[in-house]
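Down below is the structure, laid out as C-alpha cells.
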2 protein chains.
Amino acid sequence: MLMKLFQLQLLKTVVNNGLNISRAADQHFVVQSAVSRQLSLLEDELGLPLFERKGKRLIKATDLSLAIVQQVDSIELAMENIRAVADDFRDGRQGEIRIATTHMQAKYFLPPVLNAFRQRYPKVKVNFLQGNPGQLVRMLHDGEADIAVCTEELANDEALLTHHCYDWNHALILPEAHELTEGELSLERIAQHPILTYVLGFTGRSKIEKAFADMGLSIDTSFSATDSDVIKSYVKLGFGVGIIAKISHPNPEEGLVLRDLADFFPESVTRIAYMKNKHLKNYITDLVELLEDFGSRLKAP
Amino acid sequence: MLMKLFQLQLLKTVVNNGLNISRAADQHFVVQSAVSRQLSLLEDELGLPLFERKGKRLIKATDLSLAIVQQVDSIELAMENIRAVADDFRDGRQGEIRIATTHMQAKYFLPPVLNAFRQRYPKVKVNFLQGNPGQLVRMLHDGEADIAVCTEELANDEALLTHHCYDWNHALILPEAHELTEGELSLERIAQHPILTYVLGFTGRSKIEKAFADMGLSIDTSFSATDSDVIKSYVKLGFGVGIIAKISHPNPEEGLVLRDLADFFPESVTRIAYMKNKHLKNYITDLVELLEDFGSRLKAP
DNA sequence: ACTGATTACGCAGTACGTAATTATA
DNA sequence: TATAATTACGTACTGCGTAATCAGT
C-alpha cells in the first residue's frame with residue numbers, strides 16, 4: 001500500500017479540471033511541480049500511464065485514471081463518514097446540514113418542518129442549495145448536499161436511498177374574472193389559453209405535458225418558470241392561466257383564483273433522498289423523520 | 001483531511017487483535033511505540049477517545065472506533081480495486097484467483113470448469129480455500145477470497161452479489177445388497193437406518209433434517225462429514241445409509257448403489273458470490289461466466 | 001512569446017526506532 | 001515480576017518549494 005491517498009486525490013482533481021495540473025495544484029494549495037511529481041510517482045508504482053501525453057501536454061485521461069477516480073470518490077466518502085461519526089459523538093446537537101431542494105419545497109413545504117427542527121437543534125446551521133432535480137442529484141453525488149427533497153428524478157438512481165414524503169396534485173391558478181373561473185373544467189377548455197407552468201425537469205412538468213398530449217391537445221407553453229411565485233405574478237398580469245402545485249397557493253390571495261386539477265393529472269410524489277453509503281448524523285436522521293411526519297400529515301385534514 | 005490512512009488501518013488492526021497494540025505493531029512491521037503514538041495523534045485530531053482505558057491498558061473499543069473500522073474496510077476495498085484495475089491493464093491474462101468453496105464443489109463440479117479456464121488463462125494462479133458456507137462468506141468479506149461457490153447462506157447477505165449456478169438433488173448411497181436397494185423408497189424406510197450425511201451448515205443438510213422432521217420422523221445422524229467421499233467410505237463399511245449430493249457420485253463404483261431422492265427433498269441451488277463493490281478482474285468475470293455456462297449445461301442431457 | 005509540464009536541489013516536517021518510564025495483572 | 005502502553009529524544013526519509021529546463025499552442 002505505498003500508494004498514497006493524496007496522490008489519488010490529486011489525480012481526481014486533475015481529471016476533474018480538464019487535465020490541468022496547475023489548476024489542480026492551486027486547489028490543493030501546493031505548487032505544480034509537486035503535483036507533477038506525485039503523479040509521476042503514482043504512474044511508476046502502478047506501472048502504467050495515467051494520461052495520454054503529447055510531449056508535456058496532457059491530452060486524455062486513461063481508462064485506468066477514470067477507474068481510479070471512481071474509487072477515490074468512495075474513499076473520500078468513507079473519510080467524510082468517519083468525520084461525521086466523530087462529530088456526532090463529540091456533540092450530536094450541533095453541526096451543519098445542507099439541504100438540496102427546489103423553490104417550491106423550500107418555500108411551501110419546508111418552513112414548518114424546519115421550524116420544528118430548529119427547536120430541537122437550535123445550534124445546527126441549515127443551508128439551502130437550490131437547483132433543478134438533475135442538479136440536486138449531482139449535488140448529492142458530489143457531496144455538496146446531505147439530503148435532497150424534490151419531486152422527480154430521485155427514484156431511478158441506484159446510489160441513492162429515498163423516502164416517501166408526500167403526494168400532491170396540480171391546480172389551476174387564474175386571474176379573477178377569467179372565463180375558466182366558471183363552469184366545468186376540462187383539459188380542452190384549458191388548452192385554449194396560454195399556459196404558464198414550470199420549466200422542464202421540474203416539479204411535475206412532464207406529467208402536465210403528457211396529460212395534454214394523451215388527449216391529442218397541443219398547448220401554448222411559451223412562458224415557464226422554476227418558481228410558483230413567478231408564475232402567479234404573470235398570471236395576475238393576464239399572461240395566461242397557471243398550472244402549479246396546489247400546495248404552493250395555500251391561502252386565498254387578492255386577484256387570484258385557485259381550482260383543483262386532481263382529476264386531470266396524476267398525483268406527483270415528493271421524496272427525500274441521500275447517498276446510500278453516507279453516514280447521516282443523528283440530527284439529519286431526525287430531520288428525515290420530521291419530513292416524513294409532516295409529509296404524511298399533509299394528507300390528513 | 002489530515003487524518004492519515006495508515007492511522008486508520010492501525011486502528012483497525014488493533015481492534016481486530018483484541019486491542020493489543022504490540023501485536024498490531026508487528027503486523028505492520030513497526031514498533032509498539034509508533035502505533036501508540038499514531039493512535040494518540042488520531043484521538044487528538046478527532047477530539048475523542050478511541051478506547052476505554054484502565055490506566056495504560058486498553059479495555060474496550062469505543063463505538064467510534066467500531067464505526068471507523070467499518071469505513072476502513074470500505075477504503076481498503078477501494079484501494080485493492082485500484083490495484084486490481086491496474087493489474088488488468090498491465091496484463092489482463094495473468095494474476096491470481098482465490099476461490100472459496102466446499103469440498104463437494106471443488107471435487108465434483110469445478111474440475112471441468114477450471115480446466116476450460118486454464119486453457120484460456122494458463123498464467124493465472126488458482127487457489128482454493130475450503131470451508132463451510134459461513135466461513136466462505138467471511139472470507140469474501142475479509143478479502144481473503146475473490147469469489148465463493150457454494151450452496152447455502154449466500155443468498156441473504158446484503159453485501160454480496162450472487163449468480164445462479166446450478167440446481168441439484170440429493171441421492172441415497174447404499175452398500176451393495178442393502179435392503180433399501182430393492183423396492184419403493186420412502187422417508188419412513190430410510191429413517192429406520194443410521195444416516196450418514198453432511199455436517200450442519202453444509203450442502204443442504206438443513207433440507208434433509210427438515211424433510212424428515214416434517215414427516216414426524218426422527219433420524220439417527222450420529223455420523224456426519226463435510227465431504228461426500230468420507231461418507232461413501234463409511235457407507236461401504238456398513239455404518240449406515242448415506243445421503244449425498246447426486247453429483248458427487250457421477251460414476252458407478254464397486255460396492256456402492258445410488259438411488260435418486262429428488263422426490264423427497266427440495267432442490268438445492270449452488271450459487272456464485274462475490275462482494276458487491278469489488279472490482280472483478282477480467283479473467284474472474286470470465287470464470288463466473290464459465291461457471292454459469294457449465295452450471296446450466298448440467299441440467300440438459 | 002506564453003502557458004504549462006517536467007527535472008534538479010536544498011530544506012523542513014513527519015514518523016520511525018531506541019530507550020526510559022509508568023501502570024496493570 | 002512480567003507484560004504492555006506511554007513519553008522522550010535523536011535520526012532518516014519523504015515531500016514541499018524555488019528555480020531552471022523543456023515542450024506545445
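We name chains A, B, ... by the order of the sequence lines, and we start the count at 1 in each one. Everything numeric in this text was worked out from a predicted model, so none of it was measured.
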To the nearest angstrom, how far is [X] atom [atom1] from [N] atom [atom2]?
{"X": "B:Glu45", "N": "C:dA15", "atom1": "CD", "atom2": "P", "value": "11 Å"}
{"X": "A:Arg53", "N": "D:dC22", "atom1": "CZ", "atom2": "P", "value": "18 Å"}
{"X": "A:Leu10", "N": "C:dT6", "atom1": "CG", "atom2": "P", "value": "13 Å"}
{"X": "A:Leu58", "N": "D:dA23", "atom1": "CG", "atom2": "C1'", "value": "12 Å"}
{"X": "A:Arg23", "N": "C:dT3", "atom1": "CZ", "atom2": "P", "value": "14 Å"}
{"X": "A:Gln32", "N": "C:dG4", "atom1": "CD", "atom2": "P", "value": "9 Å"}
{"X": "A:Leu41", "N": "C:dT6", "atom1": "CG", "atom2": "C1'", "value": "12 Å"}
{"X": "B:Phe29", "N": "C:dA15", "atom1": "CZ", "atom2": "P", "value": "20 Å"}

Taking any heavy-atom pair under 4.0 Å as a contact, classify [X]: base, sugar-phosphate, or nothing.
{"X": "B:Phe6", "result": "sugar-phosphate"}
{"X": "A:Phe51", "result": "nothing"}
{"X": "B:Arg37", "result": "base"}
{"X": "B:Leu39", "result": "nothing"}
{"X": "B:Val30", "result": "sugar-phosphate"}

Salt-bridge criterion met for A:Glu96 and A:Lys125 (N-O under 4.0 Å)
no

A:Asn20 side-chain proximity, nearest of C:dG4, C:dT6, C:dG17
C:dG4

Counting heavy atoms from C-beta on, name the nucleotide in C:dA15, C:dA5, D:dA5 closest to the side chain of A:Ser22.
C:dA5

Check the interface with nucleotides 19-25 of chain C: list each N/O to N/O pair with the protein under 3.5 Å, or write none.
residue, atom, partner, partner atom, Å
C:dT24, O2, B:Arg57, NH1, 3.3

State whether B:Lys4 places a side-chain N or O below 4.0 Å from either non-bridging phosphate oxygen (OP1 or OP2) of C:dT14.
no

OP1 or OP2 of C:dT14 sitting under 4.0 Å from any side-chain N/O of B:Gln38?
no

Quick check against the 3.5 Å criterion: does A:Asn17 have a side-chain atom that pairs as donor or acceptor with the backbone of A:Arg23?
no

Under 3.5 Å: donor-acceptor pair, side chain of A:Ser65, backbone of A:Ala61:
no

Take atom NZ in A:Lys123; do more than 12 heavy atoms of anything else shown fall under 6.0 Å from it?
no

Starting from the C-alpha separation in whole Å, work towards a yes-or-no answer on salt bridge (Lys or Arg N to Asp or Glu O under 4.0 Å) for A:Glu144 and A:Arg138.
CA-CA 8 Å; A:Glu144 293 171 15; A:Arg138 191 198 53 75; 3.2 Å; yes

Between A:Lys12 and A:Asp73, does the salt bridge (Lys or Arg N to Asp or Glu O under 4.0 Å) criterion hold? Intermediate values first, please.
CA-CA 9 Å; A:Lys12 175 181 166 181; A:Asp73 286 340; 2.8 Å; yes

All ring-ring contact (aromatic ring centres under 6.0 Å, His included) counterparts of A:His163, not counting sequence neighbours
A:Tyr274

